[in-house]
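Atoms within a ligand are numbered from 1 in the order they appear, just like the ligands themselves.
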Amino acid sequence: MKCQVACLKNGPYEVKGPVRIVDANGSVTETENMTHHLCRCGGSKIKPFCDGTHDMIGFQSE
Ligand code: FES
């Protein structure tokens, strides 16, 4: 299965594995077949992952 990245309307990137995610500190999250949501609004407190803040700040994007 290939990795798939989708932009969710007014929300995060939805990434379906297998995938290896490396954050700014070099921490690695590696999974085979899970779905992850990555922040693209800039407001998450658990970057690079989405924590739902996009809803509270009214993030808008197609
Ligand atoms: S996209 Fe969800 S917190 Fe940023």
Side-chain angles (χ1 to χ4, degrees):
M1 176 182 169
K2 290 184 179 180
C3 178
Q4 174 179 301
V5 180
C7 296
L8 301 185
K9 185 176 181 181
N10 302 331
Y13 294 109
E14 182 180 76
V15 181
K16 293 184 178 180
V19 67
R20 183 174 199 248
I21 301 167
V22 182
D23 73 13
N25 297 320
S27 296
V28 175
T29 300
E30 198 162 354
T31 61
E32 287 297 321
N33 287 309
M34 290 182 64
T35 299
H36 295 279
H37 293 93
L38 302 180
C39 179
R40 68 180 177 127
C41 75
S44 175
K45 293 176 179 59
I46 57 167
K47 293 181 190 81
F49 301 99
C50 170
D51 68 357
T53 297
H54 60 271
D55 277 337
M56 291 182 275
I57 63 175
F59 177 68
Q60 293 191 342
S61 178
E62 293 298 317

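- When distances to atom 2 (Fe) of ligand 1 are checked against a cut-off of 2.8 Å, Cys41 contributes no N, O or S atom below that limit.
- Counting heavy atoms of neighbouring residues, nucleotides and ligands inside a 6.0 Å radius, atom CZ of Phe49 exceeds 12 of them.
- With Arg40 contributing its side chain and Leu8 its backbone, the two residues share a donor-acceptor pair below 3.5 Å.
- Judged by distance alone, the side chain of Ser44 and the main-chain N or O of Ile46 form a donor-acceptor pair under 3.5 Å.
- Looking only at distances, no side-chain donor or acceptor of Asp23 sits under 3.5 Å from a matching main-chain atom of Pro48.
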Inset, instruction - Take Asp51 and Thr53 through the side chain to side chain donor-acceptor pair (under 3.5 Å) test and state the conclusion after the steps. - result: CA-CA 6 Å; Asp51 68 357; Thr53 297; 2.6 Å; yes

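- Not one N/O/S atom of His54, from backbone or side chain, sits under 2.8 Å from atom 4 (Fe) of ligand 1.
- Listed by number with element, the atoms of ligand 1 under 4.0 angstrom from any heavy atom of Arg40 are 1 (S), 4 (Fe).
- Close contacts of ligand 1 with Pro12, meaning ligand atoms under 4.0 Å from a residue heavy atom, involve 1 (S).
- Contacts with ligand 1 closer than 4.0 Å are made by no heavy atom of Asp55, backbone or side chain.
- Atoms NE2 and SG, on His54 and Cys39 in that order, are 8.5 Å from each other to the nearest 0.5 Å.
- Close approach of ligand 1 to Cys39 is summarised as follows: ligand atoms under 4.0 Å from at least one heavy atom of the residue are 1 (S), 3 (S), 4 (Fe).
- Residue contact check: Cys50 has heavy atoms under 4.0 Å from atoms 2 (Fe), 3 (S) of ligand 1.
- Listed by number with element, the atoms of ligand 1 under 4.0 angstrom from any heavy atom of Asp51 are 3 (S).
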